[in-house]
Amino acid sequence: MIDTKTLTIEKAGEMLRKGKISSRDLVSACLRNIEERNGELNIFLEVFDDALEQADRADKMLKERKGEKLTGIPIAVKDNILIEGRVVSSASKILDNYRASYDAYAIKKLKKAGAVLIGRTNMDEFAMGASTENSAYGPTRNPYDSTRVPGGSSGGSAAAVAAGMALGALGSDTGGSVRQPGSFCGVVGMKPTYGAVSRSGLTAMSSSLDVIGPLAKNSQDAEIIFDCIRGKDPLDGTSIDLPPASPAGKRVGIPRDFLKEGVDKEVLANFEESVEKLKKAGYTIKDISLPYSKYSLAVYYIIMPAEVSTNLSRLDGARYGERREGNTVFEMFEKSRSAGFGAETRRRIMLGTYVLSHGYYDAYYTKAWKVRRAIMDEYRKVFEEVDFALTPTAPSTAFKFGERSDPLQMYLSDIFTVSANLAGLPSISLPSGFSSSGLPFGLLFSAAPLRDFSLFGIEKDLSKN
Ligand code: GLN
């Protein structure tokens with residue numbers, strides 16, 4: 001019996017290439033877990049009917065000794081990443097029956113490597129949220145405790161890996177959406193340097209912040225996925241190739257000012273324990289100061305909704321998704337958009353439209369960009385002195401459904417993660433043990449832009465102690 005809850009991509013890949021297991025067996029094991037628990041946890045919006053066929057194709061590649069690291073490995077895909085011919089809804093009614101006409105760059109790369117795309121995972125509508133409660137298709141439940149959220153917005157992808165329904169997954173991270181659910185579900189979630197993975201075929205939320213990132217059981221697995229999907233793509237002018245990996249340093253900086261308020265006691269205690277472990281592993285620790293970063297959330301909640309309102313203006317119910325008739329075309333748009341978008345999406349479209357409006361543009365939007373620039377600059381300086389900035393991934397462990405029904409409270413979930421998006425930094429959430437009630441903790445390491453590969457070695461160093 002293959003236990004996909006513990007098996008890593010690295011190990012499974014070895015076994016596949018040596019012929020000890022087949023991709024068909026591996027995918028079947030994931031499908032069994034899906035069969036068993038998806039009804040309860042609502043992780044997959046769709047399990048692909050050709051998963052076993054894909055597995056057979058991978059087995060053929062493996063027999064012909066054309067197997068790569070991801071050949072035959074079942075991967076789950078967030079419902080905002082395009083797979084040709086498949087529905088891709090961003091968990092929104094307005095894209096209910098929309099089918100992708102091409103593959104996202106990351107999907108092209110996965111297909112070429114022979115990975116098996118097992119299904120599309122639930123998420124907060126258009127990736128707006130931190131709990132997966134904003135899906136038009138019902139919330140996803142945390143595999144560790146089904147009375148709690150899996151985090152979000154890539155909650156389905158994180159939960160799929162934790163529940164052994166896939167060995168790895170793709171998510172998207174605009175303000176923390178890969179790392180925070182990674183932390184809540186006890187898996188690794190990595191946000192690449194902005195541009196290191198092409199946005200071609202990622203449904204746009206906030207284009208200056210969005211990036212696709214991997215979720216997996218450990219750093220090595222996350223690195224395998226990241227290395228497959230990254231690279232410069234002519235279809236995304238902001239995409240880049242990373243320079244060759246240089247040796248990772250061991251200097252860690254902690255912005256202590258951030259930890260003073262609003263962080264759970266248990267999270268803090270776990271954080272301090274981890275700092276001790278790092279010291280034992282030969283890391284040096286020092287305090288760093290990031291005075292502008294205390295405005296990160298405020299800046300994020302101006303720039304992000306501005307881009308959201310622009311990006312989502314193209315959705316009108318005319319050709320697919322929820323459509324309501326009206327007497328004029330504008331009435332039809334208005335009614336379709338009101339019915340097709342959920343409450344959080346409508347809130348952000350309104351906020352974004354407001355900050356971009358003629359009278360307020362300079363006061364909010366231009367100002368926010370100036371502060372964003374200052375945040376980038378202060379990180380650049382900090383990374384002359386340290387190799388990593390370290391905080392907990394989130395101020396709490398997984399919370400209960402409905403517990404953060406006040407939007408501002410929900411927004412605070414991203415307090416530690418958004419700075420990396422604003423500054424374009426690579427950033428990784430590593431599992432860091434469990435709370436007294438058995439809920440996973442996460443540790444967040446961020447590095448200077450382009451230093452993505454330096455993030456993947458920390459977990460191994462930590463595990464030695
Ligand atoms: N939770 C954040 C938000 O609601 C981040 C979302 C994301 O990264 N896609 O905007």
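In this structure, CZ on Phe456 lies 5.0 Å from CD1 on Ile428, to the nearest 0.5 angstrom. The CG atom of Leu41 lies 8.5 Å from the CG atom of Asn142; values are rounded to the nearest 0.5 Å. Note that CG of Asn42 is 10.5 Å distant from CD of Glu40, once rounded to the nearest 0.5 Å. For the atom pair Leu82 CG and Ile107 CD1, the distance stands at 8.5 Å (nearest 0.5 Å). The distance from atom OG1 of Thr345 to atom CZ of Arg337, rounded to the nearest 0.5 Å, is 10.5 Å. Note: Tyr105 OH to Ser200 OG = 9.5 Å, rounded to the nearest 0.5 Å.
In this structure, Arg380 pairs ionically with Asp377, as a charged nitrogen and a carboxylate oxygen lie closer than 4.0 Å. For the pair Arg86 and Glu46, the salt-bridge criterion is met [side-chain N within less than 4.0 Å of a carboxylate O]. In this structure, Lys381 does not pair ionically with Glu378, as no charged nitrogen and carboxylate oxygen lie closer than 4.0 Å. Contact check on Glu344 versus Arg348 returns a salt bridge, with a Lys/Arg side-chain nitrogen under 4.0 Å from an Asp/Glu carboxylate oxygen. At a threshold of 4.0 Å, the pair Arg32-Glu35 does not count as salt-bridged, since none of the basic side-chain nitrogens sits closer than that to a carboxylate oxygen.
In this structure, Arg179 and Asp173 have side chains that are in contact, with non-hydrogen atoms separated by less than 4.5 Å. Ser419 has its side chain within reach of Ser293: a pair of non-hydrogen atoms, C-beta onward, lies under 4.5 Å apart. Taking the side chain as every heavy atom from C-beta outward, Leu167 and Val161 never approach each other to under 4.5 Å. Side-chain contact between Phe445 and Thr391: absent, with no pair of heavy atoms (C-beta onward) separated by less than 4.5 Å. Side-chain contact between Val188 and Glu459 is present, with at least one heavy-atom pair separated by less than 4.5 Å. Between Val149 and Pro139, the closest side-chain pair of non-hydrogen atoms is not below 4.5 Å. Side-chain contact between Glu223 and Met190 is absent, with no heavy-atom pair separated by less than 4.5 Å. Taking 4.5 Å as the limit, some side-chain heavy atom of Ser208 sits within range of a side-chain heavy atom of Trp369.
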| task | Begin with the C-alpha distance, continue with both residues' side-chain angles, and end with the deciding distance and a verdict on side-chain contact (heavy atoms from CB on, under 4.5 Å) for Thr193 and Ile240. | result | CA-CA 9 Å; Thr193 295; Ile240 44 166; 4.2 Å; yes
| query | Hey, mind stepping through Lys78 and Ser154 against side chain to side chain donor-acceptor pair (under 3.5 Å) and telling me if it holds? | reply | CA-CA 7 Å; Lys78 188 176 181 179; Ser154 314; 2.9 Å; yes
| Where do Arg120 and Val88 land on the side-chain contact (heavy atoms from CB on, under 4.5 Å) test, with the steps shown first? | CA-CA 8 Å; Arg120 57 186 174 95; Val88 56; 5.7 Å; no
| query | How far apart are the C-alpha atoms of Glu307 and Ser207, what are their side-chain angles, what is the distance that settles it, and do they pass the side chain to side chain donor-acceptor pair (under 3.5 Å) test? | reply | CA-CA 7 Å; Glu307 295 181 8; Ser207 309; 4.9 Å; no
| request: Walk me through it: do Ser219 and Leu455 pass the test side-chain contact (heavy atoms from CB on, under 4.5 Å)? | output: CA-CA 8 Å; Ser219 297; Leu455 295 169; over 6 Å; no
| task | Please report the C-alpha distance between Glu125 and Ser135 in whole Å, then the side-chain angles of each, then the deciding distance to 0.1 Å, and finally whether the side chain to side chain donor-acceptor pair (under 3.5 Å) criterion is met. | result | CA-CA 5 Å; Glu125 184 179 19; Ser135 166; over 6 Å; no
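The ring pair (Phe, Tyr, Trp, His ring centres under 6.0 Å) with Phe184 is formed by just one residue from the set Phe434, Phe441, Phe399, Tyr144; it is Phe399. Checked against Asn80 for a side-chain hydrogen bond (donor to acceptor under 3.5 Å, both in side chains), the options Ser90, Ser153, Ser172 give a single hit: Ser172.
Judged purely by atom type and a 3.5 angstrom limit, Arg372 uses its side chain to pair as donor or acceptor with the backbone of Leu422. Side chain of Asp210 to backbone of Met205: a donor-acceptor contact under 3.5 angstrom is found. Counting only distance, with no hydrogens or angles, the side chain of Lys217 and the backbone of Leu7 share a donor-acceptor pair below 3.5 Å. Checking side-chain atoms of Lys93 against main-chain N and O of Phe341 turns up no donor-acceptor pair under 3.5 Å.
For Asp103, the side chain to side chain donor-acceptor pair (under 3.5 Å) criterion is met by Lys111, not counting sequence neighbours. Remark: Arg346 engages no residue in a salt bridge (Lys or Arg N to Asp or Glu O under 4.0 Å) (not counting sequence neighbours). For Lys335, the salt bridge (Lys or Arg N to Asp or Glu O under 4.0 Å) test picks out Glu331, with sequence neighbours left out. With sequence neighbours left out, Arg99 forms a side chain to side chain donor-acceptor pair (under 3.5 Å) with no residue at all. For Arg404, the salt bridge (Lys or Arg N to Asp or Glu O under 4.0 Å) test picks out no residue, with sequence neighbours left out.
Taking the centre and axis of the six-membered ring of Tyr194, the NZ or CZ atom of Arg199 falls outside the cone set by 45° and 6.0 Å. For Lys367 and Tyr360, the positive end is not near the middle of the six-membered ring at less than 6.0 Å and at most 45° from its axis.
Between the side chains of Ser446 and Ser427, a donor-acceptor pair is found at a separation under 3.5 Å. Counted by atom type alone, Asp79 and Asn122 present zero donor-acceptor pairs between their side chains at under 3.5 Å. At a cut-off of 3.5 Å, with distance as the only test, no side-chain donor of Thr174 or Ser206 sits close to an acceptor on the other residue. Between the side chains of Tyr283 and Asp461, a donor-acceptor pair is found at a separation under 3.5 Å.
Aromatic ring centres of Phe453 and Phe226 lie closer together than 6.0 Å.
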Could you list the donor-acceptor pairs under 3.5 angstrom formed by side chains in residues 251-263, with sequence neighbours left out?
| from | atom 1 | to | atom 2 | distance (Å) |
| --- | --- | --- | --- | --- |
| Arg251 | NE | Asp387 | OD2 | 3.0 |
| Arg251 | NH1 | Glu385 | O | 3.3 |
| Arg251 | NH2 | Asp387 | OD1 | 3.1 |
| Arg256 | NH1 | Glu272 | OE2 | 2.7 |
| Arg256 | NH2 | Glu272 | OE1 | 3.4 |
| Asp257 | OD1 | Lys260 | NZ | 3.0 |

